[in-house]
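Report on one structure; see the data block that follows.
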Amino acid sequence: MTATLIDGNALSKQLRADVATRAAALTARGHRPGLAVVLVGDNPASEVYVRNKVKACEDNGLYSSLDRYPATLSEAGLLKRIDELNNDPKIHGILVQLPLPKHIDSHKVIEAIAPEKDVDGFHVANAGALMTGQPLFRPCTPYGVMKMFEAHKIALTGANAVVIGRSNIVGKPMAMLLLEAGATVTVCHSKTRDLAAHTREADVVVAAVGKRNILTADMVKPGATVIDVGMNRDDNGKLCGDVDFAGVKEVAGHITPVPGGVGPMTITMLLVNTIEAAERAAANA
Ligand code: NAP
């Protein structure tokens with residue numbers, strides 16, 4: 001292996017220690033940070049994510065509440081609960097686990113969250129503020145990736161960066177953050193004509209697609225930094241990313257594994273965003 005591994009578990013541990021210190025300081029001043037997690041339905045993957053988020057809060061001194069609703073919950077019922085959480089002073093961050101059942105309009109639900117409690121950073125006010133460079137919250141996954149670059153001193157100014165994927169929750173905000181950091185950014189997607197032609201020129205590649213082996217060794221410039229956001233299952237049911245890790249690690253300069261890469265960072269940045277929300281609320285109290 002030639003690439004240096006970017007270890008999301010190790011970096012998360014460091015960042016969570018800082019979260020725990022800040023949570024303790026806020027709690028001592030009577031402002032215990034609180035995250036509300038809302039789960040509708042019984043999607044097994046969502047159950048795991050939600051459990052991990054609640055546990056991460058408990059482990060680091062944050063208060064958390066978990067609302068579980070059956071898939072039959074009405075949109076009005078969910079909006080009513082969000083309104084209550086918006087007005088609950090114990091709660092500084094609200095996370096509605098996606099996807100929601102089909103009869104509920106997730107845009108409407110996200111827009112109902114108070115922007116100052118939108119720790120996922122998906123509200124249009126925060127997405128717009130990200131575009132103009134002054135967001136209250138950065139979406140957790142791309143924010144975590146930026147922390148990985150920072151920790152490994154990956155030079156972004158002037159770098160060619162390729163983001164594969166253009167979703168609102170990963171690809172687009174990732175591209176914005178890289179742009180803000182001074183990279184020259186190309187966003188590729190399912191309609192891109194020649195993906196490899198783009199990735200071969202890239203100093204940094206972020207793969208956020210949800211398809212195994214979308215990035216193989218022949219598509220990577222020697223020494224490039226490769227970040228794998230994807231979460232897929234291989235033929236044996238084992239968790240794997242979008243990147244052909246075995247091949248790409250022989251070419252790349254830095255690489256993230258799956259599991260143990262971006263995944264733990266996403267939850268860590270949710271904690272960081274919740275702490276920031278609580279610190280802002282305490283400053284205004
Ligand atoms: P998404 O909304 O499904 O978006 C996937 C993107 O990939 C789309 O923009 C799509 O293009 C593009 N795409 C599909 N096929 C492609 C191809 N053959 N070549 C190039 N681009 C292609 O997914 P998402 O929510 O962004 O998530 C992406 C992956 O990251 C998933 O595996 C998800 O589970 C994972 N994820 C991980 C974390 C974490 O914490 N590790 C967090 C969030 C998501 P079009 O727009 O043209 O359809």
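Atoms considered below: every heavy atom in the structure, side chains included; atoms not considered: hydrogens, waters and symmetry mates. As the structure lists them, so they are numbered: ligands from 1, and atoms in each ligand from 1.
Comment: E276 does not engage R138 in a salt bridge, judged by the lack of any side-chain N to carboxylate O separation of less than 4.0 angstrom. By the 4.0 Å N-to-carboxylate-O rule, R280 lies too far from E116 to be salt-bridged with it. Ion pairing of E84 with K80 is present here, as a side-chain N (NZ or NE/NH1/NH2) and a carboxylate O approach within less than 4.0 Å. Between K117 and D88 there is no salt bridge, since no side-chain N of the basic residue sits under 4.0 Å from a carboxylate O of the acidic one.
Formation of a donor-acceptor pair under 3.5 Å by the H92 side chain with backbone atoms of G34 is found in this model.
Polar contact check, D242 against ligand 1: no nitrogen or oxygen pair lies under 3.5 Å apart. On a distance-only criterion, I164 and ligand 1 share no N/O pair closer than 3.5 Å.
Summary of contacts: the protein heavy atom closest to atom 33 (C) of ligand 1 is M231 N, 4.3 Å. Among all non-hydrogen protein atoms, the one lying nearest atom 2 (O) of ligand 1 is S167 CB, 3.3 Å. For atom 3 (O) of ligand 1, the closest non-hydrogen atom of the protein is V209 O, 4.3 Å. For atom 37 (C) of ligand 1, the closest non-hydrogen atom on the protein side is V229 O, 3.1 Å.
By the 4.0 Å heavy-atom criterion, I169 is counted among the residues contacting ligand 1.
One finds the CE atom of M265 at 12.5 Å from the CG atom of L270 (value rounded to the nearest 0.5 Å). To the nearest 0.5 angstrom, L271 atom CG is 11.0 Å from D18 atom CG.
Residue S190 holds the heavy atom nearest to atom 11 (O) of ligand 1 of all those in S190, G261, G210, A208. Proximity annotation for atom 39 (C) of ligand 1: of N168, L195, I267, T266, T266 comes nearest, heavy atoms only. One option in V170, V187, I214 has a heavy atom closer to atom 17 (C) of ligand 1 than any other, and that option is I214. For atom 20 (C) of ligand 1, the choice among K211, K172, R166, H189 with the nearest heavy atom turns out to be H189.
Residue contact check: G263 has heavy atoms under 4.0 Å from atoms 40 (O), 41 (N) of ligand 1. Residue G165 has at least one heavy-atom neighbour below 4.0 Å for each of these atoms of ligand 1: 6 (C), 7 (O), 9 (O).
Contacts with ligand 1 closer than 4.0 Å are made by side-chain heavy atoms of T141 only, the backbone lying farther away.
V96 pairs with exactly one of I110, D118, I113 by the side chain to side chain contact (heavy atoms under 4.5 Å, CB included) rule, that one being I113.
In terms of heavy-atom proximity, V119 sits nearest to N273 at O-ND2, 2.9 Å.
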